[in-house]
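Some notes on the structure that comes next.
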Number of protein chains: 2
Amino acid sequence: MEIYKGEKKRICLEKYSIAHLFSFPVEEFIEVHEYRRDEWIIQEGMRPDFLFYVIEGKAKIYVTHQNGKVSLINFINANEYIGEMELLNDVYYTKGIQASTKTVCFALPFHCYRTQLLEDAKFLRELTRFLSGKATFMAAKYSQSLAFPLENRLADFILQTADEGVYKEKHVTVCDYLGVSYRHLLHVLTQFCEKGYLQKEGRNYQIKQYGSLKELAGVLKNK
Amino acid sequence: MEIYKGEKKRICLEKYSIAHLFSFPVEEFIEVHEYRRDEWIIQEGMRPDFLFYVIEGKAKIYVTHQNGKVSLINFINANEYIGEMELLNDVYYTKGIQASTKTVCFALPFHCYRTQLLEDAKFLRELTRFLSGKATFMAAKYSQSLAFPLENRLADFILQTADEGVYKEKHVTVCDYLGVSYRHLLHVLTQFCEKGYLQKEGRNYQIKQYGSLKELAGVLKNK
DNA sequence: AAAATAATATGAGATATCTCATATTTTGAG
DNA sequence: CTCAAAATATGAGATATCTCATATTATTTT
């Protein structure tokens with residue numbers, strides 16, 4: 001982890017101004033942190049000291065269960081918060097947050113800003129929207145995971161993550177995210193290839209039948 | 001649905017004052033609604049006109065999937081909000097909310113209060129806490145549902161809902177809540193009886209071995 | 001470059017969970 | 001009180017998904 005100082009920090013604060021998110025100045029004690037790919041921004045079970053706001057990059061929220069299974073609960077993208085749960089709740093089991101690409105965040109020390117943040121309607125309004133989205137998203141994922149087999153959820157995931165018609169996510173990550181075993185994921189991917197929806201190219205998969213995948217993914221959505 | 005008027009309304013407003021939740025007076029346009037058991041407070045897919053605050057009773061959040069499966073996403077208890085998603089988000093698929101007992105709510109018309117509410121730090125702070133809890137809870141349920149078989153989740157549910165050592169939830173409701181088929185739920189309940197954890201009494205189940213159930217439920221929690 | 005580690009790959013048997021069919025009992029509406 | 005609907009109950013076969021074992025191929029570290 002690198003903490004930006006001097007010129008580098010100044011430029012960053014200027015480029016990604018977040019003044020509009022608060023009704024008071026937060027510049028004074030803000031820090032700018034850069035995390036390398038795979039670095040842990042927050043260790044599971046350890047309370048952070050900062051409220052983070054992601055300005056560049058992408059991270060993953062992980063939780064480890066007692067039976068050793070790991071769940072990738074969700075991704076965090078630019079313009080989203082990290083550590084807001086700990087800001088709001090004194091009792092909270094902290095999830096692990098891992099950078100999945102180089103990730104740059106603003107870090108607001110709790111001890112400087114906690115009180116002010118919790119009284120700032122502008123900040124709270126945005127946070128409320130963010131959290132309502134998070135709650136809604138998790139509720140959707142939850143109910144979908146119970147109502148539909150992997151086939152449907154995977155089709156949806158492929159369509160969402162494919163880049164120019166090519167799906168190239170790491171199997172291991174996807175297993176944690178969709179909550180299925182490695183073996184089963186590979187099995188369903190193979191089926192997709194046999195049915196002609198995908199075509200394997202080295203370790204990537206080329207989408208061949210958008211229509212079929214869209215149909216599978218479509219049943220997840222409530223119109 | 002009954003709307004309280006006159007004396008009945010006044011008494012209710014007095015008994016369950018919610019003035020402390022807002023920094024401005026909300027009494028003027030507030031309504032008090034009472035819903036009978038099984039009545040729909042909000043119809044799935046229909047935007048409500050009110051922000052509700054439950055003061056008595058218990059309700060259920062349902063969503064219907066395209067394949068006909070129904071998920072009971074969560075329960076709502078006294079001192080919780082309903083309709084907050086619609087208050088915050090212009091685009092939102094409204095879930096169905098059904099009273100599971102007689103339920104009394106305060107109903108704040110969006111058109112009167114929306115603007116004020118979204119600028120009220122006191123209200124927003126509490127709502128933020130509520131939503132963070134909701135998001136956390138859904139994330140936990142989600143990851144647990146993928147990481148553990150019904151056996152564990154059911155043990156947890158039984159311990160949470162048992163009343164004086166007796167479990168007596170409706171199977172149908174539990175299926176929707178835990179996201180499993182009726183057949184399978186009955187199967188696991190039978191196993192619990194065979195193992196001596198529970199003992200069937202008519203249509204209820206008496207808990208016989210707390211320890212065993214606690215052990216099964218315990219692995220869900222991250223310490 | 002060698003060694004260690006992570007990711008991919010595949011087979012085979014086990015288990016959790018689902019679907020469908022059908023019967024009985026309980027509950028709510030008229 | 002009666003009938004229809006809802007809830008409970010159970011069997012049997014199908015399928016989704018898991019576990020474990022083992023190989024091969026990349027990637028990272030030394």
Side-chain angles (χ1 to χ4, degrees), chain A residues 36-39 60 62 65 67-72 98 100 143-155 157 166-195 198-205 216 219-220, chain B residues 36-39 60 62 65 67-72 98 100 102 143-155 157 167-195 198-205 216 219-220:
Chain A
R36 291 185 312 278
R37 183 156 80 84
D38 293 343
E39 198 173 354
K60 296 176 282 189
Y62 277 108
H65 299 282
N67 63 0
K69 284 198 188 176
V70 169
S71 296
L72 199 189
Q98 186 183 35
S100 61
S143 66
Q144 287 167 6
S145 74
L146 294 174
F148 299 96
L150 180 61
E151 183 175 52
N152 300 96
R153 296 178 292 131
L154 179 59
F157 183 75
V166 178
Y167 168 79
K168 46 173 89 164
E169 298 299 315
K170 283 226 174 94
H171 296 330
V172 191
T173 308
V174 179
C175 291
D176 291 342
Y177 185 63
L178 298 179
V180 294
S181 68
Y182 188 90
R183 193 62 193 83
H184 190 53
L185 173 64
L186 270 278
H187 180 231
V188 175
L189 277 172
T190 305
Q191 278 180 204
F192 281 3
C193 291
E194 281 167 2
K195 289 180 185 163
L198 299 177
Q199 183 176 315
K200 196 165 172 181
E201 291 183 341
R203 50 191 42 212
N204 299 339
Y205 295 79
L216 283 175
V219 304
L220 297 187
Chain B
R36 291 185 312 279
R37 183 155 80 84
D38 293 343
E39 199 173 353
K60 296 176 283 189
Y62 277 108
H65 300 281
N67 64 0
K69 285 198 188 177
V70 169
S71 296
L72 198 188
Q98 186 184 35
S100 62
K102 181 187 108 174
S143 66
Q144 287 167 7
S145 74
L146 294 174
F148 299 96
L150 179 61
E151 183 175 52
N152 300 96
R153 297 179 291 131
L154 179 59
F157 183 74
Y167 168 78
K168 46 174 90 164
E169 297 300 313
K170 283 227 174 91
H171 297 329
V172 191
T173 308
V174 179
C175 291
D176 291 342
Y177 185 63
L178 297 178
V180 294
S181 66
Y182 188 91
R183 193 63 194 83
H184 190 53
L185 173 64
L186 270 279
H187 179 231
V188 176
L189 277 172
T190 305
Q191 278 180 204
F192 281 4
C193 291
E194 280 166 3
K195 289 179 184 163
L198 299 177
Q199 184 177 314
K200 197 163 170 182
E201 291 183 339
R203 51 191 42 210
N204 298 339
Y205 294 79
L216 283 175
V219 303
L220 297 187

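Naming convention: chains lettered A, B, ... in sequence-line order (proteins, then strands); numbering from 1 in each chain.
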Please check if the side chain of B/N67 supplies one atom and the backbone of A/A147 the other of a donor-acceptor pair under 3.5 Å. yes
Under 4.0 Å: is that the gap between some side-chain N or O of A/H171 and OP1 or OP2 of C/dA9? yes
Nearest non-hydrogen partners of A/L72 and A/Y177, listed with the distance: O-CD1, 3.4 Å
Closer than 4.0 Å, any side-chain N/O of B/R37 to the OP1 or OP2 of C/dG28? yes
Looking only at D/dT10, D/dC18, C/dT19, the nucleotide nearest the B/Y182 side chain is D/dT10
Whole-Å distance, B/N67 CG to D/dT15 P, equals 17 Å
Just the rounded figure in Å: distance from P of C/dT17 to CZ of B/F148. 12 Å
Length of the line joining A/L150:CG and C/dC18:C1', which is rounded to integer Å: 16 Å
If I take atom NE2 in residue B/H187 and atom P in nucleotide C/dT17, what distance separates them, rounded to the nearest angstrom? 10 Å
At under 4.0 Å, does any side-chain N or O of B/K170 touch on OP1 or OP2 of D/dT8? no
B/R183 vs A/E151, nearer the 5' end of DNA chain D by closest nucleotide: B/R183
To the nearest angstrom, how far is A/D176 atom CG from D/dC18 atom P? 12 Å
From the candidates C/dT8, C/dT17, D/dC18, the one with an atom nearest any side-chain atom of A/H184 is D/dC18
Counting C-beta onward and ignoring hydrogens, is there a side-chain heavy-atom pair between B/H171 and B/L189 closer than 4.5 Å? yes
Does any N or O in the side chain of B/N152 come within less than 3.5 Å of the main-chain N or O of B/L216, such that one atom is a donor and the other an acceptor? yes
Find the bend of the helix from C/dA1-D/dT30 to C/dG30-D/dC1 as the angle between its two terminal axes (five pairs each), to the nearest 10°. 60°
Between D/dT8, D/dA16, D/dA9, which one does the side chain of A/P149 approach most closely? D/dA16
Relative to the 5' end of DNA chain C, which residue comes earlier, A/L146 or A/K200, by the nucleotide with the nearest heavy atom? A/K200
To the nearest Å, how far apart are B/L189 CG and D/dA7 C1'? 14 Å
Tell me whether the count of non-hydrogen atoms from other residues, nucleotides or ligands lying under 6.0 Å of NE2 in A/H65 goes above 12. yes
In whole angstroms, how far is the P atom of C/dT10 from the CG atom of A/L185? 13 Å
Can you tell me if NE2 on A/H187 sees more than 12 non-hydrogen neighbours from other groups inside 6.0 Å? no
What heavy-atom pair brings A/D38 and A/Q98 nearest, and what distance separates the two atoms? O-NE2, 2.9 Å
For A/L186 and D/dT17, what is the distance between atoms CG and P respectively, to the nearest whole Å? 14 Å
